[in-house]
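A short write-up of the structure that comes next.
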Amino acid sequence: MPQAKSGDKVKVHYTGKLTDGTLFDTSEGKAPLEFVIGENKLLKPFENACIGLEPEQSVEINIAAEDGYGPRHEQLVSKIPIAELPAELNPEPGMKLQVKAPDGRHFIIKVIDKTEEEIIVDANHDLAGQDLVFNITLVEIV
């Protein structure tokens with residue numbers, strides 16, 4: 001039976017959990033995730049874990065925070081005066097907003113708190129600072 005290798009387009013089912021067992025993402029009940037191994041569109045350890053798998057074979061991997069979404073950076077938590085926001089925007093905790101940096105890049109920030117005068121936002125990835133556990137099953141090599 002063929003084994004997946006770098007450069008192969010593959011389809012996988014996966015379940016992602018934190019080390020305490022909290023589920024943060026899964027493809028179960030959805031179409032399998034399709035990607036090319038080695039294009040680095042996903043976390044590198046995730047892609048590398050698929051190398052050598054045969055269809056229907058599964059693997060469980062642990063990804064340390066520094067190899068996943070990196071450490072949390074408290075300097076990415078900031079306060080924005082509500083007066084500086086567009087009038088039509090009514091941000092609430094949990095809401096995610098797309099913002100444009102001075103260099104033209106776009107990124108997502110999450111509103112984590114709100115007072116009468118300001119909102120507190122976090123530009124860290126939701127999984128920053130977290131060790132991750134993935135169960136991956138190779139569905140097919142396309």
Side-chain angles (χ1 to χ4, degrees), residues 3-142:
Q3 294 182 333
K5 62 188 178 313
S6 186
D8 283 346
K9 182 183 278 190
V10 296
K11 292 183 181 182
V12 301
H13 273 300
Y14 68 91
T15 299
K17 296 181 180 182
L18 303 179
T19 54
D20 69 2
T22 302
L23 177 72
F24 64 83
D25 196 13
T26 185
S27 67
E28 294 303 321
K30 305 175 200 170
L33 175 65
E34 187 173 320
F35 66 97
V36 176
I37 299 172
E39 282 191 344
N40 298 320
K41 302 241 172 151
L42 304 175
L43 295 174
K44 188 172 184 123
F46 186 102
E47 289 190 18
N48 287 343
C50 296
I51 295 173
L53 292 180
E54 297 175 358
E56 303 307 317
Q57 193 173 20
S58 299
V59 65
E60 179 176 286
I61 62 166
N62 294 295
I63 301 176
E66 57 270 10
D67 296 324
Y69 294 98
R72 280 192 51 77
H73 296 287
E74 287 309 311
Q75 66 268 30
L76 295 179
V77 177
S78 59
K79 297 176 181 180
I80 302 172
I82 289 179
E84 293 181 11
L85 300 174
E88 68 275 5
L89 185 64
N90 184 25
E92 294 295 332
M95 184 182 284
K96 293 186 179 183
L97 306 170
Q98 184 178 46
V99 296
K100 186 175 181 179
D103 65 5
R105 291 181 300 137
H106 288 86
F107 59 98
I108 303 295
I109 60 173
K110 183 177 181 179
V111 178
I112 58 174
D113 201 4
K114 179 181 179 181
T115 68
E116 293 289 323
E117 299 83 33
E118 62 193 9
I119 60 171
I120 301 170
V121 297
D122 187 349
N124 284 290
H125 188 282
D126 285 344
L127 296 172
Q130 300 283 337
D131 294 332
L132 311 174
V133 179
F134 282 98
N135 287 294
I136 304 167
T137 301
L138 181 65
V139 175
E140 72 175 296
I141 302 168
V142 182

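The chain is numbered in sequence order, starting from 1.
Looking only at distances, no side-chain donor or acceptor of Ser27 sits under 3.5 Å from a matching main-chain atom of Lys30. Not a single donor-acceptor pair under 3.5 Å links the side chain of Asp67 to the backbone N or O of Ala64. Of the possible polar contacts, one joining the His125 side chain to the Leu127 backbone as a donor-acceptor pair under 3.5 Å is found. Distance alone, capped at 3.5 Å, is enough to place a donor-acceptor pair between the Asp20 side chain and the Thr22 backbone. Although no hydrogens or angles enter the test, the distance criterion places a donor-acceptor pair under 3.5 Å between the side chain of Glu47 and the main chain of Lys41. Between the side chain of Asp131 and the backbone N or O of Ala65, at least one donor-acceptor pair lies under 3.5 Å. A donor-acceptor pair under 3.5 Å is absent between the side-chain atoms of Gln3 and the main chain of Leu53, judged by distance alone. In this structure, the side chain of Thr26 engages the main chain of Tyr14 through a donor-acceptor pair within 3.5 Å.
For Val111 against Leu97, the heavy-atom pair with the smallest separation is CG2-CD1, 3.9 Å. Between Glu116 and Ile82, the closest heavy-atom pair is O-CD1, 3.6 Å. For Cys50 against Ala4, the heavy-atom pair with the smallest separation is O-CB, 3.3 Å. Smallest separation of non-hydrogen atoms from Gly38 and Ser6: CA-OG, 4.1 Å. Across all non-hydrogen atoms, the minimal contact from Val139 to Pro55 is O-CB, 3.8 Å. Closest approach of Val36 to Gly7, counting heavy atoms only: CG1-O, 3.6 Å.
Between Lys110 and Ile108, the closest side-chain pair of non-hydrogen atoms is not below 4.5 Å. Using a 4.5 Å heavy-atom cutoff, the side chains of Glu28 and Thr15 are in contact. At least one side-chain heavy atom of Glu60 sits under 4.5 Å from a side-chain heavy atom of Val133. A heavy-atom distance below 4.5 Å is not found between the side chains of Lys79 and Ile119. Counting heavy atoms from C-beta outward, Pro91 and Leu85 have side chains that approach closer than 4.5 Å. Looking at Leu132 and Leu18, their side chains come closer than 4.5 Å, going by heavy atoms from C-beta outward.
Rounded to the nearest 0.5 Å, atoms CZ (Phe46) and CG (Leu33) are 5.5 Å apart. One finds the CD atom of Gln98 at 10.0 Å from the CZ atom of Phe107 (value rounded to the nearest 0.5 Å). Taking CD1 from Ile109 and NZ from Lys96, the interatomic distance works out to 11.5 Å, rounded to the nearest 0.5 Å. The CG atom of Asn124 lies 13.5 Å from the OH atom of Tyr69; values are rounded to the nearest 0.5 Å. Separation of atoms CD1 (Ile63) and CD (Gln130) is listed at 13.0 Å; rounding is to 0.5 Å. Between Phe35 atom CZ and Lys9 atom NZ the span is 12.0 Å, to the nearest 0.5 Å.
At a threshold of 4.0 Å, the pair Arg72-Glu74 counts as salt-bridged, since one of the basic side-chain nitrogens sits closer than that to a carboxylate oxygen.
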Given side chain to side chain contact (heavy atoms under 4.5 Å, CB included), test Val121 with Ile80 step by step and report yes or no. CA-CA 8 Å; Val121 297; Ile80 302 172; 3.9 Å; yes
Quick one: do Lys114 and Asn90 satisfy side chain to side chain contact (heavy atoms under 4.5 Å, CB included)? Show the steps, please. CA-CA 10 Å; Lys114 179 181 179 181; Asn90 184 25; 3.0 Å; yes
Start with the C-alpha distance between Ser78 and Ile120, add both sets of side-chain angles, then the distance that settles side chain to side chain contact (heavy atoms under 4.5 Å, CB included), and finish with yes or no. CA-CA 6 Å; Ser78 59; Ile120 301 170; over 6 Å; no
May I have the step-by-step check of side chain to side chain contact (heavy atoms under 4.5 Å, CB included) for Ile51 and Ile37, ending in yes or no? CA-CA 8 Å; Ile51 295 173; Ile37 299 172; 3.7 Å; yes
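Applying the side-chain hydrogen bond (donor to acceptor under 3.5 Å, both in side chains) criterion to Asp103, with sequence neighbours excluded, gives Arg105.
Using a 3.5 Å distance cut-off with no hydrogens or angles, the side chains of Thr137 and His13 do not pair a donor with an acceptor.
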